[in-house]
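Data first, discussion second: the structure below is written as structure tokens.
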Protein chains: 2
Amino acid sequence: MRENVGRPTIDDVAALAGVSRSAVSKVMNERGGISAKTAAAVREAAAKLKWVPSAAAVALRGARTRSVGMVIARSTDLLAADPYFAVMISGAEQVLAPLGYGLQLHLLGDDPEAEMATYRKLARERRVDGFLLTESRIGDPRFALLRDLGQQAVLIGIPWQDDPQPHVQSAAPLRGVLDTARHLLDLGHRRIAYVSGPDDRVHTVQRREAFVTALRESGVTPTIAGARRFDSLEARTITEDLLRMPDRPTAIVFANDMMALAGMGAAQRAGIDVPGSLSVVGYDDLPIGEWHYPALTTVAQDLAAIGAAAAVALLRLLGEERPGQQPDIPPTRLVIRESTGTAPPA
Amino acid sequence: MRENVGRPTIDDVAALAGVSRSAVSKVMNERGGISAKTAAAVREAAAKLKWVPSAAAVALRGARTRSVGMVIARSTDLLAADPYFAVMISGAEQVLAPLGYGLQLHLLGDDPEAEMATYRKLARERRVDGFLLTESRIGDPRFALLRDLGQQAVLIGIPWQDDPQPHVQSAAPLRGVLDTARHLLDLGHRRIAYVSGPDDRVHTVQRREAFVTALRESGVTPTIAGARRFDSLEARTITEDLLRMPDRPTAIVFANDMMALAGMGAAQRAGIDVPGSLSVVGYDDLPIGEWHYPALTTVAQDLAAIGAAAAVALLRLLGEERPGQQPDIPPTRLVIRESTGTAPPA
DNA sequence: GTGAAAGCGCTAACAT
DNA sequence: ATGTTAGCGCTTTCAC
């Protein structure tokens with residue numbers, strides 16, 4: 001019962017305005033049926049008292065917490081490596097905050113059990129109205145769980161196997177990789193390697209397949225190397241292996257920028273010139289890529305727009321009337337910088 | 001009134017266990033005074049129904065939301081550049097989650113007004129029990145605001161002007177920069193530049209002063225360049241300017257890794273060899289620094305430990321009895337890698 | 001157009 | 001040791 005000092009309740013406002021509780025409630029929730037004069041008095045009283053409805057009381061009464069949950073299960077080092085989420089979240093925030101919604105964030109280690117338990121707990125405690133889901137997985141268990149829990153959720157990405165899970169994604173999710181293939185081909189590369197991320201991610205598989213297909217149409221078969229994690233150490237090891245091959249690739253495409261940068265570092269350390277002897281492409285367009293020397297050619301996706309779009313979609317599901325326009329998410333696009341160049345003469 | 005289907009209340013549990021509401025409450029909150037037999041029955045009933053107390057009801061009743069707030073006011077591009085916060089948050093989460101606490105995160109743009117408004121709103125709505133504060137600022141307005149609002153808060157960093165604001169910090173916050181000065185001196189560097197962050201941060205000023213003092217003791221006066229923001233573009237521009245000086249520095253120390261990497265890129269692009277002709281030092285020890293070529297010499301601080309310590313301290317303030325030991329935060333430490341080397345002959 | 005009254009699910013003081 | 005009861009602050013019928 002700490003600090004209840006000074007905190008006004010709806011009754012204080014009603015008293016000050018000389019009206020009843022329900023009048024205050026109606027005014028503040030814009031439910032009409034109140035004379036302009038009374039409404040003005042109420043608003044003035046509320047402002048004077050700096051009264052804001054208690055979230056707990058509202059939630060208890062109406063089963064709406066105005067809070068959405070997001071649980072991210074990634075090891076700390078992967079989190080440290082990649083500013084991916086922060087941008088997405090800040091995009092979502094732009095939509096949530098104006099409507100009075102908050103974001104309950106849980107950053108777990110890479111522990112599927114704990115992850116599921118967290119969803120369950122948040123739902124059972126009724127701490128949130130719905131969830132934002134990221135990193136669509138093959139055989140994703142979250143959709144079923146959340147349906148079970150009666151929770152609304154919007155996935156950022158492509159649901160596995162056409163699951164009806166509501167989701168948002170870029171207007172042209174594969175354009176970036178397709179353009180990458182084209183770009184490399186145009187530069188004369190024929191021995192191309194693709195270092196893909198963990199195979200349990202839907203986008204990993206889709207991008208790799210799109211890339212392979214695109215090359216195959218030009219009669220080129222890329223070397224595929226799969227990392228078990230989105231991991232810089234693995235990127236380095238794989239790159240070293242690739243560069244030791246007899247017919248080593250003249251271009252390597254990585255699943256994300258961090259891996260690309262690690263791979264590029266490995267190549268440079270081995271005395272291989274980028275892009276002179278080896279071209280490197282990333283994915284995500286992290287700011288660091290632009291400042292690196294040589295600057296990284298990569299695929300950009302508008303993470304803030306994706307986060308915002310997901311928030312809007314979720315708010316719609318939650319019955320919010322003014323979540324704003326469902327924003328367009330720009331296509332992914334290849335950003336050509338310095339790390340790709342003409343294939344070295346055979 | 002959505003989805004109330006299936007959600008059991010405390011009364012359902014009481015009924016199933018054949019006891020009263022209060023008995024259930026006492027058992028679940030371990031408040032004693034209940035026979036072992038009854039307690040067992042209650043627990044079983046709760047488990048069977050998968051009952052978890054409604055957060056809203058608990059909050060309304062007891063004024064404890066079991067939720068802590070964190071508001072971060074940074075522009076999106078700075079967020080994108082720097083995985084700093086994610087690690088700190090995941091450290092805090094390790095402490096919060098086991099005690100049933102959640103984290104309400106707000107990622108705002110760099111807008112002081114909006115930032116203050118967010119604190120106010122969160123406090124007035126009673127959405128959180130307290131706050132975690134980051135990035136201690138000169139003349140920090142948050143301490144007063146939160147005291148005004150009757151909110152508990154723990155600052156991560158050093159409060160401005162010995163404000164009594166509760167805070168946590170590394171065991172030896174300046175050891176890293178001191179060791180950096182020593183390291184550079186040992187390598188024979190005498191023309192040293194220090195690219196500092198925005199001057200409104202307490203740590204920026206402290207680190208710079210510690211660095212300058214340490215060098216001065218050896219009769220060396222560093223060139224100071226101040227960036228207005230923690231910004232890669234500025235880092236690059238400043239580096240270019242520095243390298244154009246008649247007696248250009250042989251070593252540059254940056255306020256953080258992202259700036260250091262950007263600066264190193266600028267130097268390399270200008271054809272300057274690192275570390276042959278220029279040594280570079282960062283701060284933070286982001287993973288990328290390790291994979292970069294040359295790998296970045298930098299100061300490491302254990303962000304996860306800092307986040308965890310802050311969470312423990314806050315939980316203490318909130319009267320939690322078992323927030324765990326107040327963890328030690330390891331000293332900051334210099335990690336010497338490839339980007340620093342012997343000063344080139346004069 | 002406005003007010004009175006009934007809870008939402010829980011905890012804690014008070015009875016028994 | 002256990003049960004009864006009175007709210008926490010709000011929204012929402014339902015009377016007036």
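Values below: every heavy atom of this structure, side chains too, minus hydrogens, waters and symmetry copies. This one's a predicted model, so the numbers in the text were calculated from it and none came from an experiment. Below, chain A is the first sequence line, B the second, and so on; all start at residue 1.
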Between [N] ([atom2]) and [X] ([atom1]): distance, integer Å:
| X | N | atom1 | atom2 | value |
| --- | --- | --- | --- | --- |
| A:Asp12 | D:dC10 | CG | P | 9 Å |
| B:Met28 | C:dC10 | CE | C1' | 13 Å |
| B:Ile10 | D:dT5 | CD1 | P | 16 Å |
| B:Arg61 | D:dC8 | CZ | C1' | 6 Å |
| B:Arg31 | D:dG3 | CZ | C1' | 14 Å |
| A:Glu125 | C:dG9 | CD | P | 15 Å |

Starting the side chain at C-beta, find the nucleotide from [options] nearest to [X].
| X | options | result |
| --- | --- | --- |
| B:Ser54 | C:dT2, D:dT11, C:dC10 | C:dC10 |
| B:Leu60 | D:dC10, C:dA13, D:dG9 | D:dG9 |
| B:Thr9 | C:dC10, D:dG3, D:dT11 | C:dC10 |
| B:Asn29 | C:dG7, C:dT11, C:dG3 | C:dT11 |

Would you indicate what [X] reaches in the nucleic acid, counting non-hydrogen atoms under 4.0 angstrom: base, sugar-phosphate, or nothing?
| X | answer |
| --- | --- |
| A:Ser25 | base |
| A:Arg21 | base |
| B:Ser22 | base |

Are B:Glu135 and B:Arg74 close enough for a salt bridge, meaning some N to O gap below 4.0 Å?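 Counted as a salt bridge, because a side-chain N and a carboxylate O are separated by less than 4.0 Å.
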
Does B:Asp129 come within less than 4.0 Å of B:Arg66, counting only side-chain N to carboxylate O? no

If we ignore angles and hydrogens, is there a donor and acceptor under 3.5 Å between the side chains of B:Glu320 and B:Tyr101?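 Per modelled atom types, B:Glu320 and B:Tyr101 side chains form a pair under 3.5 Å.
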
Under 3.5 Å donor-acceptor pair, B:Lys26 side-chain atoms to D:dG3 base atoms: yes

Work out which heavy atom in A:Val312 is nearest to a heavy atom in A:Gly324; give both atom names and the distance.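 Nearest pair, atom of A:Val312 first, then A:Gly324: CG1-O, 3.9 Å.
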
Determine: side-chain N/O of A:Thr38 to OP1/OP2 of C:dT2, distance under 4.0 Å, yes or no. yes

Does B:Ser20 have a side-chain nitrogen or oxygen under 4.0 Å from the phosphate oxygens OP1 or OP2 of D:dG3? yes

With a sphere of 6.0 Å drawn around CG of A:Asp111, does it hold more than 12 non-hydrogen atoms of other residues, nucleotides or ligands?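 Check passes, neighbour count above 12.
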
